[in-house]
Structures are given as C-alpha cells and as structure tokens.
Amino acid sequence: MGTEKNTVAGIEEIPITDLIRSAIDARKKAYAPYSNYMVGAAVLTNELRIYTGCNIENAAYTPSICAERTAVSKAVSEGKRKFKAIAVAGSPKGETISQYAYPCGVCRQVLREFTDPDSFFVIVAKSETDYKVYLLKELLPESFGPENLF
Ligand code: THU
C-alpha cells in the first residue's frame with residue numbers, strides 16, 4: 001500500500017518537495033474547459049531533471065491528454081527516457097487541491113514503458129506536505145512491459 005510518510009525504501013533521494021511544487025504549479029496551466037478537472041504532473045529523470053505537464057483537453061474529447069503523459073512526452077522528446085519518480089496534483093478547478101489524484105490506467109502503462117515498476121515512485125499530492133507515496137508496481141501489478149517483447 002502507499003504511505004503518507006517518507007518510509008518507502010529509496011525515497012530519500014527524491015526531491016519530493018520540488019517535485020510536488022512543480023506539479024502544483026503545472027496544474028495552473030491545465031486546459032480543461034470540458035471537465036474542469038485540473039491536473040499537473042512533474043516527472044523526475046534519472047539525471048534529476050524535472051519535466052512538467054498538464055492535462056490538455058479537446059473539443060472532440062478523445063484527443064485529450066493527461067498531465068502525466070504530457071510530462072513524459074516532453075521529457076522523451078527531449079531525449080530523456082529514464083525516470084525515478086512522478087508527482088501528480090489534480091482536483092476540480094479551484095485553488096484548493098481537495099483530493100489525491102491517481103494516474104489513470106493509460107498513464108500507468110505509459111509510465112511503465114520508461115521505468116522500473118519496482119523502484120519508480122508515484123507521489124499523489126494535495127500539497128507539499130500532504131501526499132502519499134506508492135511504487136508503480138503497487139498501482140500496476142503484474143505489468144506488461146518492453147522486456148516481454150525481447
Ligand atoms: N486526467 C489527468 O490529467 N490525469 C489522470 O491521470 C486522470 C485524468 C485528466 C484527463 C481529463 O482532462 C481530466 O483529468 C478529467 O478526466
């Protein structure tokens with residue numbers, strides 16, 4: 001299960017506060033006129049660089065993209081393919097983030113492509129001090145990944 005404190009092995013090396021702050025800041029850029037659900041994400045590369053993203057909706061609905069995949073797409077398109085952690089902050093429109101926003105199934109699978117599910121951290125945050133930490137393997141158990149194809 002996830003934990004509300006920094007007790008997951010390996011979490012000490014993750015700049016949690018920076019990552020959450022980046023996600024909360026990115027959420028302000030969300031383009032979500034249809035759902036009014038604003039999401040920000042910040043992914044940490046193995047080189048400790050942070051890439052942010054927000055959800056971007058579309059009038060035709062299906063072209064909409066989640067914040068997590070925006071962040072991953074930005075990083076991968078800049079040549080970064082290895083990630084240590086992601087922070088996600090999502091909540092209905094408004095300044096207060098009232099709930100923990102968990103990555104959707106599609107985003108979990110996209111994260112799986114570029115991470116080790118046994119050591120990749122998913123941080124869902126309401127604020128810099130109110131958050132939960134999971135390993136990807138907890139959110140996507142028995143997953144299918146690139147290794148299966150080789
Ligand atoms: N959304 C995300 O950005 N990330 C998720 O993991 C869950 C859902 C977005 C998609 C859509 O713009 C809005 O939240 C409502 O589903």
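Tracing side-chain contacts under 4.5 Å through hydrophobic residues (I, L, V, M, F, W, Y), one reaches Y51 starting from V110; they form part of the same cluster. Residues V106 and Y34 fall into different hydrophobic clusters, defined by Ile, Leu, Val, Met, Phe, Trp and Tyr side chains chained together at heavy-atom separations under 4.5 Å.
The main-chain N or O of C107 is never found under 3.5 Å from a side-chain atom of E68 such that the two would form a donor-acceptor pair.
Scored by the side-chain contact (heavy atoms from CB on, under 4.5 Å) test, A30 finds M38, C54, N55 as partners (sequence neighbours excluded). The side chain to side chain donor-acceptor pair (under 3.5 Å) search around N36 returns none, not counting sequence neighbours. In this structure, the side-chain contact (heavy atoms from CB on, under 4.5 Å) partners of A60, at least two apart in sequence or on a different chain, are N58, P63. Scanning for ring-ring contact (aromatic ring centres under 6.0 Å, His included) contacts around Y31 gives an empty result, with sequence neighbours left out. Under the rule for a side-chain contact (heavy atoms from CB on, under 4.5 Å), the partners of Q99 that lie at least two apart in sequence or sit in another chain are Y37, S91, P92. Checked against side chain to side chain donor-acceptor pair (under 3.5 Å), K126 has no partners two or more places apart in sequence or in another chain. With sequence neighbours excluded, no residue forms a salt bridge (charged side-chain N to carboxylate O under 4.0 Å, His left out) with K137. Not counting sequence neighbours, the partners of Y102 by the ring-ring contact (aromatic ring centres under 6.0 Å, His included) test are Y134. Residues passing the side chain to side chain donor-acceptor pair (under 3.5 Å) test with T17: none are found, sequence neighbours excluded. F144 meets the ring-ring contact (aromatic ring centres under 6.0 Å, His included) test with no other residue; sequence neighbours excluded. Listed by chain and residue number, K28 satisfy the side-chain contact (heavy atoms from CB on, under 4.5 Å) test with D25 (two or more places apart in sequence, or in another chain).
Of all heavy-atom pairs spanning L44 and P15, the tightest one is CD2-CD, 3.5 Å. Of all the heavy atoms in A26 and A41, the pair that sits closest is CB-O, 4.1 Å. Nearest approach of I24 to S127, heavy atoms of both residues: CD1-CA, 3.9 Å. The nearest pair of heavy atoms linking A85 to I14 is CB-CG2, 3.9 Å. Closest heavy-atom contact between A71 and G53: CB-N, 3.7 Å. Heavy atoms only, all atoms of each residue included: I65 and T70 are closest at CG2-OG1, 3.6 Å.
The CD1 atom of I11 sits 4.0 Å away from atom CZ of F121, with the distance rounded to the nearest 0.5 Å. Atom CG of L111 sits about 5.0 Å away from atom CD1 of I86, to the nearest 0.5 Å. Rounding to the nearest 0.5 Å gives a distance of 7.5 Å between NZ of K29 and OG1 of T52. Between atom CD1 of residue I16 and atom CD1 of residue I123 there is a gap of 5.0 Å, rounded to the nearest 0.5 Å. Note that CZ of R108 and OG of S143 are 12.0 Å apart. Values are rounded to the nearest 0.5 Å. One finds the NZ atom of K84 at 9.0 Å from the OG1 atom of T45 (value rounded to the nearest 0.5 Å).
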Less than 3.5 Å apart, which donor and acceptor atoms pair up between the side chains of residues 75-82 and the rest of the protein, not counting sequence neighbours?
| unit_1 | atom_1 | unit_2 | atom_2 | d |
| --- | --- | --- | --- | --- |
| S77 | OG | S73 | O | 2.8 |
| S77 | OG | K74 | O | 3.0 |

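Checked against a 6.0 Å centroid threshold, the rings of F83 and F120 do not count as neighbours.
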**OP:** Begin from the C-alpha positions of I97 and R27 and carry the test side-chain contact (heavy atoms from CB on, under 4.5 Å) through to its verdict.
**Re:** CA-CA 10 Å; I97 300 175; R27 179 177 169 272; 3.8 Å; yes
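Within a 6.0 Å sphere centred on CD of E95, heavy atoms belonging to other residues, nucleotides or ligands number 12 at most.
Looking only at side-chain heavy atoms (C-beta outward), P103 and V88 come within less than 4.5 Å of each other.
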